[in-house]
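The structure appears below as structure tokens.
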Amino acid sequence: MKTFPRAFPGRRLAGPILAAVLLAGCQMTSFEKSPLAAAEGCDPALVGDWASIGDPPDEDGEVTLRLDPQCVLTYEERKTTGLVTGEPTTVRVARHGAHAYAWVDAAWALARFEEDHRPPAGDIMLVRYRVDGDVLELWSTDDKPIAHAIIDGQLEGEVIAADSELFNRLTGEQAPAVLDRDGLFDAEPARFRRAAKD
């Protein structure tokens, strides 16, 4: 990946970052503040255990998301060394227009994926989601176009980029309309299937 030059004013550039975010590669966009006010309580449709749908199918269940009625999320990942369970975190949810959104602490998300990089305290990682029957779809941010929009002054923020690793931070008070921006989210979602109850 191209390393963006320091000539872009107000954009912070730093060294390499590791690993992946929600199975999507070495990149992520965080928000200094959520562009939405959190709803009261949790979305009942999200509560339960969700096992990742793999590609290929023999990778089904590599990740399990467990969300309790208080909207506390536990992330579990099946590795060659066994099952790894991360520290729980609170999920916030909201709706904007026709879509539903959820967010977690960005530092928590990076720690779950064994990242050394940490955004400033209070930053969040936001996804768009949809529950369709027993399938949960999660759209992460499309980070390369967001980086270009920050550099071009279309979005307020900063970019950290080096080699194949990219981190963006959208700063200040982002209006809810930022979520309507074309290309803000990946075209293809990560997919999860509701786990059968014991």
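One finds the CG atom of L36 at 11.5 Å from the CD atom of Q174 (value rounded to the nearest 0.5 Å). In this structure, L170 CG and F31 CZ are separated by 5.0 Å, a value rounded to the nearest 0.5 Å. Annotation: the span from E158 atom CD to S30 atom OG amounts to 8.0 Å, rounded to 0.5 Å. One distance of note links OH of Y75 with OG1 of T89; it measures 13.5 Å at 0.5 Å rounding. Taking CD1 of I124 as the reference point, atom OG of S34 lies at 4.5 Å (rounded to 0.5 Å). Once rounded to the nearest 0.5 Å, the distance linking CG of L73 with OG1 of T90 reads 9.0 Å.
Shown here are the salt bridge (Lys or Arg N to Asp or Glu O under 4.0 Å) partners of D68, two or more places apart in sequence or in another chain: there are none. With sequence neighbours left out, the salt bridge (Lys or Arg N to Asp or Glu O under 4.0 Å) criterion links D49 to R66. Applying the side chain to side chain contact (heavy atoms under 4.5 Å, CB included) rule to E32 yields the partners D123, R169, T171; only residues at least two apart in sequence or on another chain are considered. Listed by chain and number, the residues in a ring-ring contact (aromatic ring centres under 6.0 Å, His included) with F185 are Y101 (sequence neighbours excluded). Partners of P88 according to the side chain to side chain contact (heavy atoms under 4.5 Å, CB included) rule, which considers only residues two or more places apart in sequence or in another chain, are V72, T74. Listed by chain and number, the residues in a side-chain hydrogen bond (donor to acceptor under 3.5 Å, both in side chains) with E40 amount to none (sequence neighbours excluded). With sequence neighbours excluded, the residues satisfying side chain to side chain contact (heavy atoms under 4.5 Å, CB included) with D143 are Q27, T29, T141, L166, N168. For L184, the side chain to side chain contact (heavy atoms under 4.5 Å, CB included) partners at least two apart in sequence or on another chain are I146, L179, R181. Checked against side-chain hydrogen bond (donor to acceptor under 3.5 Å, both in side chains), H96 has the following partners two or more places apart in sequence or in another chain: D180.
In this structure, D43 contributes its side chain and A45 its backbone to a donor-acceptor pair below 3.5 Å. Side chain of Q154 to backbone of H148: no donor-acceptor contact under 3.5 angstrom is found.
The shortest distance between side-chain heavy atoms of L138 and P189 does not fall below 4.5 Å. Side-chain contact between Y129 and L46: present, with at least one pair of heavy atoms (C-beta onward) separated by less than 4.5 Å. In this structure the side chain of V93 never reaches within 4.5 angstrom of the side chain of W103, judged on heavy atoms. By the 4.5 Å heavy-atom criterion applied to side chains, F192 and V135 are not counted as neighbours. No side-chain heavy atom of S52 sits under 4.5 Å from any side-chain heavy atom of L65. Side-chain atoms of C42 and V91, non-hydrogen and from C-beta on, never get closer than 4.5 Å to each other.
Closest non-hydrogen pair, P35 versus P176, comes out as O-CG, 3.3 Å. Scanning both residues, A106 and P119, for their nearest heavy atoms gives CB-CG, 3.6 Å.
The salt bridge (Lys or Arg N to Asp or Glu O under 4.0 Å) pairs that include a residue from residues 83-111 number zero, where partners must be two or more places apart or lie in different chains. The salt bridge (Lys or Arg N to Asp or Glu O under 4.0 Å) analysis of residues 131-140, with sequence neighbours excluded, yields the pairs R130-E137, D134-R194, E137-R191.
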